[in-house]
Amino acid sequence: MKTVIITGASNGMGYEAAKVFASKGWKVFAGARRVEKIPTDPNIIAMKLDVTDSSSNHTFIEEVLKQSHQIDILINNAGYGEFGPAEEIPMENIRKQFETNFFGAVELTQLVLPTMRAQKSGRIINISSIGGDLYTPLGSYYHATKAAIQQWSDALDAEIIDFGVRSIIVQPGGTASSWSEIAMANASKNLKKDSAYQPLVDRVQKALSGAGTAVSATSLDLANLFYKAATDSKPKLRYFNAFGDRAAVHIARAHPRLFRKLSTFMLNRATKKQMINNFIIYKTRG
């Protein structure tokens, strides 16, 4: 029975991934702060894990090694979006964003690598986002964490490949989940009183809640992509769920000025469409 560790397993992609791996006969060590929300299955061991707490990370990995003397896969999935104006987000929240999305993954990886090197096998799967290459207003620190984990993962892969261990990236795009609602709730929370950025937050909120938002996958789709990344005999450095996600990343990297124009156009278009829809609903109800 192969062993996989999945962080952020209490909802979304992590929740579905725990079920997918368990259904395939893997022993799943599922970590999250809200243990009660982790799916139940004979192959799933639900454990308390706060990736921002170093002692929690150490305790978690020690317990995994007690119960299973091998670690085949680590999926660094825990993360969230601390959205808001770059000028106004408190430094405490910025540090929390990096602790959750980046440093937690780094520490867990450092803790499992000695075992993987000794096995001469293993795979670190880091869940980034197309937002590691793309960007939107209000997401500066979220995008910074995803760009950081991609560069770190690539450098790490070059260091560990000779030991039979790999570090690879999965880049989800738009996903049917509560992620955007949480991100925008954080954006509103991070606004200062009488903020000059209130109109921008309103525009982005309208765009994300309107018909202009692109959803390319469900959480289950991405869980299956995690499984593919874990089991491919010749793993890629990057995994995308849809061609559109890959194309968007290519445009952002190869044609940054074009991407900026397109993203501004789409933001304005989505905002305008949402305003029209709201007006129609208002007149209909009236």
Side-chain angles (χ1 to χ4, degrees), residues 4-18 29-38 46-61 63-64 73-86 88-113 124-136 138-153 155-156 167-173 175 177-190 219 222-223 226:
V4 59
I5 294 171
I6 303 174
T7 69
S10 61
N11 60 73
M13 299 178 291
Y15 181 94
E16 295 296 338
F29 289 93
R33 289 179 300 169
R34 297 173 296 176
V35 179
E36 71 281 1
K37 292 186 175 293
I38 294 173
M47 297 170 61
K48 179 82 171 178
L49 175 64
D50 180 352
V51 299
T52 68
D53 182 344
S54 183
S55 63
S56 177
N57 290 332
H58 279 79
T59 299
F60 181 86
I61 298 302
E63 185 59 31
V64 170
I73 305 290
L74 166 63
I75 301 181
N76 286 313
N77 170 69
Y80 76 105
E82 188 69 55
F83 269 43
E88 296 186 356
I89 298 179
M91 285 305 301
E92 178 183 0
N93 293 357
I94 296 169
R95 291 189 178 97
K96 180 184 175 185
Q97 178 76 125
F98 273 87
E99 289 288 349
T100 304
N101 290 12
F102 181 65
F103 290 117
V106 169
E107 183 167 48
L108 287 168
T109 299
Q110 288 183 335
L111 293 173
V112 304
L113 275 175
I124 312 295
I125 300 176
N126 300 300
I127 310 308
S128 179
S129 162
I130 60 172
D133 296 287
L134 281 61
Y135 59 86
T136 60
L138 308 178
S140 56
Y141 301 110
Y142 168 77
H143 295 302
T145 62
K146 294 306 184 181
I149 205 166
Q150 290 179 186
Q151 292 291 86
W152 166 79
S153 180
L156 175 65
S167 176
I168 59 181
I169 288 284
V170 175
Q171 289 189 260
T175 308
S177 71
S178 59
W179 188 94
S180 61
E181 287 85 354
I182 295 171
M184 290 312 300
N186 286 333
S188 297
K189 175 194 68 179
N190 285 319
S219 293
L222 292 166
F226 293 5

Quiz item: Quick one: which of Gln171, Gln150, Lys146 gives a side chain to side chain donor-acceptor pair (under 3.5 Å) with Ser128?
Solution: Gln150

Exercise. Determine the minimum heavy-atom distance between Ile89 and Gly84, stating which atoms define it.
Key: CD1-O, 3.5 Å

Quiz item: Stepwise, does the side-chain hydrogen bond (donor to acceptor under 3.5 Å, both in side chains) test hold for Asn186 with Lys189?
Solution: CA-CA 5 Å; Asn186 286 333; Lys189 175 194 68 179; 3.3 Å; yes

Quiz item: So how far is it from Leu49 CG to Glu63 CD, rounded to the nearest 0.5 Å?
Solution: 12.5 Å

Exercise. Show your working on side-chain contact (heavy atoms from CB on, under 4.5 Å) between Asn77 and Val170 and close with a plain yes or no.
Key: CA-CA 10 Å; Asn77 170 69; Val170 175; over 6 Å; no

Quiz item: Side chain of Asp50, backbone of Ser56: donor and acceptor closer than 3.5 Å?
Solution: no

Exercise. Could you tell me which non-hydrogen atom of Ser153 sits nearest to which non-hydrogen atom of Asn126, and how far apart they are?
Key: OG-ND2, 3.1 Å

Quiz prompt | Lys/Arg N to Asp/Glu carboxylate O, Glu82 vs Arg95, below 4.0 Å | solution = no

Quiz prompt | Flag if over 12 foreign heavy atoms under 6.0 Å of CD, Glu36 | solution = yes

Self-check item: Nearest heavy-atom neighbours spanning Leu156 and Ser167
Solution: CD2-OG, 3.6 Å

Self-check item: Separation between CD of Glu88 and CG of Asn93, rounded to the nearest 0.5 Å
Solution: 12.5 Å

Exercise. May I ask you to decide if Pro90's main-chain N or O and Asn190's side chain share a donor-acceptor pair within less than 3.5 Å?
Key: no

Quiz item: Between the side chain of Ser188 and the main-chain N/O of Ala185, is any donor-acceptor distance below 3.5 Å?
Solution: no

Quiz item: When you measure from the side chain of Thr7 to the backbone N and O of Asn76, does any donor-acceptor pair fall under 3.5 Å?
Solution: no

Exercise. Give, for atom OH of Tyr15 and atom NZ of Lys37, the distance between the pair rounded to the nearest 0.5 Å.
Key: 9.5 Å

Quiz item: Taking C-beta and beyond as the side chain, do Thr136 and His143 meet within less than 4.5 Å on heavy atoms?
Solution: yes

Self-check item: Spacing of CD1 belonging to Ile182 relative to CG belonging to Asn11, to within rounding of 0.5 Å
Solution: 7.0 Å

Practice problem: Check Asn101 against Gly79 and note the closest heavy-atom contact, atom names and distance. | Solution: OD1-CA, 3.1 Å

Self-check item: Whether Tyr142 and Phe83 hold their rings parallel, tilted or perpendicular, with breakpoints at 30° and 60°
Solution: tilted

Quiz item: Which atom names give the shortest non-hydrogen contact between Phe60 and Gly31, and what distance separates them?
Solution: CE1-CA, 3.8 Å

Practice problem: Measure across Ile149 and Ala105 and return the closest heavy-atom pair with its distance rounded to 0.1 Å. | Solution: CD1-CB, 3.9 Å

Practice problem: Evaluate the side-chain proximity of Leu74 to Leu111: yes if any heavy-atom separation is below 4.5 Å, no if none is. | Solution: no

Quiz item: Taking the side chain from Thr52 and the backbone from Glu99, do they hold a donor-acceptor pair closer than 3.5 Å?
Solution: no

Practice problem: Kindly say whether Ala86 contributes a backbone atom to a donor-acceptor pair with the side chain of Tyr141 at under 3.5 angstrom? | Solution: yes

Quiz item: How long is the gap from OG1 on Thr109 to CD1 on Ile125, to the nearest 0.5 Å?
Solution: 11.0 Å

Self-check item: Sub-4.5 Å side-chain heavy-atom contact between Leu138 and Met184
Solution: yes

Quiz item: Between atom CD1 of Ile61 and atom CD of Gln110, what is the distance when rounded to the nearest 0.5 Å?
Solution: 12.0 Å

Practice problem: Measure up the Trp152 and Phe102 rings against each other and bin them: parallel (under 30°), tilted (30 to 60°), perpendicular (over 60°). | Solution: perpendicular

